[in-house]
Amino acid sequence: MLAEQAKILENRDRGAGVFLLKLGSPLVARQARVGQFVQLLISENYDPLLRRPFCFYNIDQDNGQIEVLYQVVGTGTELLSRKKAGEKLSVFGPLGRGFEIEPDLESAILIGGGIGWAALNKIHHKLALRDIHYVPFFGARDLGFYQAIGAGEVIPIPPGNIATDDGSYGYHGFITELVEAKINEEFHFSKPTIFACGPNPMLKAVQALAGKYDLKAQISLEARMACGFGVCLGCAVKKAHGEGYFKVCHDGPVFNADEVELSKI
Amino acid sequence: MLAEQAKILENRDRGAGVFLLKLGSPLVARQARVGQFVQLLISENYDPLLRRPFCFYNIDQDNGQIEVLYQVVGTGTELLSRKKAGEKLSVFGPLGRGFEIEPDLESAILIGGGIGWAALNKIHHKLALRDIHYVPFFGARDLGFYQAIGAGEVIPIPPGNIATDDGSYGYHGFITELVEAKINEEFHFSKPTIFACGPNPMLKAVQALAGKYDLKAQISLEARMACGFGVCLGCAVKKAHGEGYFKVCHDGPVFNADEVELSKI
Amino acid sequence: MNNPDLSTGLGPIELKNPVLTASGTAGYGLELRPFFDIAELGGIVTKAVTPEPRVGNPPPRLWETSCGLLNSIGLENVGLAAFLKDILPLLQKINTRVIVNVAGRTEDEYLEVVRGLNGNEGIAGLEINISCPNVKQGGIAFGTDPVMAAALIKKVRAATDYPLIAKLPPNVTDIVIIAERVMEAGADVVSLINTLKGLAVDVNTRKPCLATITGGLSGPAIKPVALRMVHEVYQALKIPILGGGGIMTADDALEFIICGAGAVSVGTAIFRDPKAPLNIAQGIKSYLAKNNIGGIRNLIGSIDLS
Amino acid sequence: MNNPDLSTGLGPIELKNPVLTASGTAGYGLELRPFFDIAELGGIVTKAVTPEPRVGNPPPRLWETSCGLLNSIGLENVGLAAFLKDILPLLQKINTRVIVNVAGRTEDEYLEVVRGLNGNEGIAGLEINISCPNVKQGGIAFGTDPVMAAALIKKVRAATDYPLIAKLPPNVTDIVIIAERVMEAGADVVSLINTLKGLAVDVNTRKPCLATITGGLSGPAIKPVALRMVHEVYQALKIPILGGGGIMTADDALEFIICGAGAVSVGTAIFRDPKAPLNIAQGIKSYLAKNNIGGIRNLIGSIDLS
Ligand SMILES: Cc1cc2nc3c(=O)[nH]c(=O)nc-3n(C[C@H](O)[C@H](O)[C@H](O)COP(=O)(O)OP(=O)(O)OC[C@H]3O[C@@H](n4cnc5c(N)ncnc54)[C@H](O)[C@@H]3O)c2cc1C
Ligand SMILES: Cc1cc2nc3c(=O)[nH]c(=O)nc-3n(C[C@H](O)[C@H](O)[C@H](O)COP(=O)(O)OP(=O)(O)OC[C@H]3O[C@@H](n4cnc5c(N)ncnc54)[C@H](O)[C@@H]3O)c2cc1C
Ligand SMILES: Cc1cc2nc3c(=O)[nH]c(=O)nc-3n(C[C@H](O)[C@H](O)[C@H](O)COP(=O)(O)O)c2cc1C
Ligand SMILES: Cc1cc2nc3c(=O)[nH]c(=O)nc-3n(C[C@H](O)[C@H](O)[C@H](O)COP(=O)(O)O)c2cc1C
Ligand code: FES
Ligand code: FES
């Protein structure tokens, strides 16, 4: 966990408001783990005031590089999208608790929703190469967004495992419906672990699925953040058991699905 | 007076913290007059909040271009200096009352101090081409700054008419001392009109000179501005005669030296 | 919804749309004419008018802070007589509501202006400025003390039939009490908020950045405080509110309206963009259309507190 | 001047330099250890301590505004017992001043915390938080009413020998009166300012952006207001002041010191850069050296009002 002046190596427009940012950030890259995140300082002035959190889309420790896949949604991401290769950017990280891939993992399901795929990209690459029963799923609003995210670009996702909100590609509907069908069809002999990141409604559906089929699920959450390292106590998410709140930046962003209450975040 | 999305054609680092900004801004260029100024909107966010005023260094009506010569002194100019050709910039102008060059002008003295030269550059070009007794003077902090400003680049200034604060080029001392010497030597038969822009202490010395030798002098002032077009009443400068204040943006920035009281601005 | 209804009201004052210029930030409104047709606005609130002309405070009068502007203009204005003679006739020709901002050093000065304005055509209401932080006597003292504020408004009420908007100072412990008292005293509307009292120092000279030491803070920096006060007053009293403070965009204006403002005033935004009030009015219209809301009145105070 | 003297004091509390972390923005100070040696700071002001643990407010607890941050944490903390057992022992090992921020819902709760802290090593003083805008009962009520504020401080004074810093709320008409009363009641220092009460609304959902509706505004947006209050209190009372509110840079801190703060607290800046307090301390040193000023004490209240 440190702050480093990184160099922007690339900030590529992938269409549909999605950009891929490649940073030379050797110290952060060295410590980074899948599912953790960084806080980027987007403005040297005070508007926007706070850093913005983004997870690692890719970590290249050998070359001291990290990648962030982001979607333009507001002031900060809009400003970020205008930065050019060669400029500097203060990177603070790696932060939080990432995904845990147990060594004896037998089977796995990956569920990415929209830009949430960014958190899963690296795990997708890792799991696909392992000798386990592994099935990735991806949902997006439409074909254009699917292409911009590039979920299946390097290592393909079976077309049957893709859903879009408008039906412009793959299944017309929620990705979790596809997942449930597959669980019923395919996973008779092993209990897959779910790894998921996406919008809150999707994560709630994942919680429900995991509960119904008694599956372990690791879900990556988002919350409004100020500090990103546990001192402001701002990024609260309700504990499912007992009183009180976890801090998404410190106790997460990855949680076991049964640890957290997603009704309010 | 209008606001126009201008295109940055060039934003060239001239050294010593001085930059030359060339803008494609046909509507503003068409109306612009020497000594007037524009307000540039430097940030789309609110820090800095206000536009920043800069005078016309050059006006090219034929090509619909204007130029601004600026010095990096704080947040706004620092941000401006990082803009690249091709980006857009909102230009608001032309604003204020510029220099008046009377058709029957017989002789003239130009006195530029530091970045204040920006306001005089265009007038320098105009007067040098006229068949009058015309003498330009320029003062700067040092040789490096003199070169960055480029006061004598296109149309030279006699080396004897240049002063630097540290003596690294030309006369070692205040430019107004040089001017006074020249008035005594050269202007026996005509009363030159002074056109001046520079730091406040220099303008005060110009006021004193004009008073002593009973010369007309037009001086261009600076003041903290909010609106730039006379509605906020913020850019006050005390009237020399009678009670009350002029507004630099509206009644100036160019004033007759005897109209204003420069002790407090 | 293709043509949502932008018309709204502030107590007895009917407005064709909810966007007004804030006092002191658009001169007498006329200065905006080069940029757009000011009849497109809900109204104009003039620069403060005092009995005699005022030259205002010495410079420096302005200082920029983070997302904010400190000013100390000191109510520079042409005075009542010149306003009536030179300015009001021009304003009367424009098809928009004109609200005259009234200020003074003493109760008598306020009353003198109000009486002088009486009987003139084309004045939709008076905004009584009991909250200017940049005038030594009077001004802020009237506003921060509920009893004095009410006493002043009562006398003004007795002196005129124009609709009265009391412009309250935000530098107070309890804005609701003051709002309540001035309404009881006869105000029709409260205007929230004027500038917050602030200070900046030049660390090199160790002098204050403004000649008057402190000044009034406006701009986006103060928006959260302004919204909070509008919300508090609306929830407690459900009275007509002219809301403002840091409005730069249509969304900002909508926040105020949702919190309970019947109309909004746009000030500092004009310094970045003279067309800001017009753009904001148009943006509000688009929002209504997009969200299929019939009119602005459906939105006022519609905050969802569930 | 090669080695200016950074040491300063807040009444009875001696500090090696004027930079402290602000309560609630650096946890218990320990969380900053990965980034720098916190013994380099003048001191640490802890997160509020209440008698029992508190889970805090429901989310969302944060909302960014223009140059500002609205928060509504709700004094989430581990409670007195855990503070004494788990945290204080760690803080005792660090060579810097530890100031414990104390909060409660009732006078008795404040007193319970104060008594529990009594007799412990390594506490340089208590900051009595009578100004938190995010707690329903108590909190802000104590601070905005001068009589209640003084009554509380008097009881706390009687209950402990620790130096007392009264942290006052800025949402008041007259900060000087409250400062005067709490000093009369036995406070040694006042801390100015806590957050301004603010609100933001999501125009799409029409819901407040924070679960608690209103929250506390911090960051650069509030700096002019904070400076003004420090200036007013210092000019009127010449008492020891812990100044803060929007300090991001050494220059910001210097503005507060020139206005009369004996030391400063750095809060929101830590969220942009955990090393901000250290950088600010170093920047102050450079300023003193560059301007040939012997020590920080020469600067306190040195504003040039001529
Ligand atoms: C741990 C973590 C990892 C993330 N990883 C990625 C990523 O890899 N790629 C990516 O594109 N985005 C990611 N996000 C979301 C990203 O941080 C926000 O989109 C970004 O901060 C928005 O900034 P803005 O200034 O553009 O938007 P704003 O103008 O601040 O807000 C625009 C909209 O986005 C919402 N929003 C803003 N910040 C957040 C936030 N922190 N959490 C949830 N909603 C928010 C707002 O409510 C608002 O509706 C991540 C968030 C977290 C907490
Ligand atoms: C009519 C007019 C014409 C101008 N023309 C030019 C020009 O052609 N080239 C050029 O380089 N500069 C010019 N200036 C000055 C220029 O506007 C300021 O340097 C600029 O606004 C500083 O912005 P900033 O954000 O970088 O500095 P800030 O961070 O705002 O301030 C840095 C320092 O500059 C001083 N300063 C800031 N703004 C002004 C101002 N408006 N007047 C005086 N001092 C100020 C501040 O007091 C401070 O000491 C002109 C100013 C006026 C009023
Ligand atoms: C330069 C300036 C001058 C002002 N003059 C007046 C005035 O004369 N009378 C008044 O009631 N308010 C005056 N105000 C306050 C504004 O009307 C408005 O209430 C305040 O600026 C907050 O709104 P804003 O953030 O949109 O500017 C002035 C504000 C500024 C910035
Ligand atoms: C997230 C957050 C939590 C805070 N918690 C406390 C607290 O527990 N007790 C307290 O007295 N002040 C608390 N404050 C107020 C700060 O200590 C400080 O007074 C205020 O934020 C202004 O300073 P700043 O602008 O430097 O942050 C908190 C502020 C923030 C932003
Ligand atoms: S963002 Fe500050 S605790 Fe998580
Ligand atoms: S800058 Fe507003 S009147 Fe001159």
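Throughout, protein chains are lettered first and strands after them, A, B, ... in sequence-line order, and every chain is numbered starting at 1.
Contact tally against chain C (heavy-atom pairs below 4.5 Å) for B/Leu50, B/Asn45, B/Leu41: the top residue is B/Leu50. Chosen from C/Leu32, C/Thr65, C/Val55, the residue pairing most often with chain B at heavy-atom distances under 4.5 Å is C/Val55.
Only the backbone of B/Ser43 comes within contact range of chain C, judged by heavy atoms closer than 4.5 Å. Residue contact with chain C, scored on non-hydrogen atoms closer than 4.5 Å, is absent for B/Ala3. Interface remark: C/Lys47 contributes side-chain atoms only to the contact with chain B (heavy atom separation under 4.5 Å).
Separating the SG atom in B/Cys227 from the CG atom in C/Asp273 is a distance of 12.5 Å, to the nearest 0.5 Å. Distance check, rounded to the nearest 0.5 Å: CZ of B/Arg224 to CH2 of C/Trp63 gives 4.0 Å.
Within a 6.0 Å radius of CZ in C/Phe36, other residues, nucleotides and ligands contribute more than 12 heavy atoms. In C/Glu109, the CD atom is crowded: over 12 heavy atoms of neighbouring residues, nucleotides or ligands sit closer than 6.0 Å. More than 12 heavy atoms of other residues, nucleotides or ligands shown are found within 6.0 angstrom of CD on B/Gln61. Environment of CD in B/Glu87: crowded, with over 12 heavy atoms of neighbouring residues, nucleotides or ligands closer than 6.0 Å. Annotation: B/Lys239, atom NZ; neighbour count of heavy atoms from other residues, nucleotides and ligands within 6.0 Å is above 12. Around NZ of B/Lys7, the count of heavy atoms belonging to other residues, nucleotides or ligands within 6.0 Å does not exceed 12.
Of all non-hydrogen atoms in B/Cys232 and C/Leu62, the two that sit nearest each other are SG-CD1, 4.2 Å. Across every non-hydrogen atom of B/Leu49 and C/Leu69, the tightest pair is CD2-N, 4.1 Å. Between B/Tyr245 and C/Pro59, the shortest heavy-atom contact is CE2-CD, 3.4 Å.
Between B/Phe92 and C/Phe35, the distance separating the two ring centers is shorter than 6.0 angstrom.
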With salt bridge (charged side-chain N to carboxylate O under 4.0 Å, His left out) as the test, would you mind laying out the steps for C/Glu64 and B/Arg52 before giving the verdict?
-> CA-CA 11 Å; C/Glu64 191 180 314; B/Arg52 294 290 187 265; 2.8 Å; yes

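Remark: C/Arg272 fails to qualify as a cation-pi partner of B/Tyr46 under the 6.0 Å distance and 45° angle criteria applied to the six-membered ring.
The side-chain heavy atoms of B/Phe229 and C/Ile270, taken from C-beta on, include a pair separated by under 4.5 Å.
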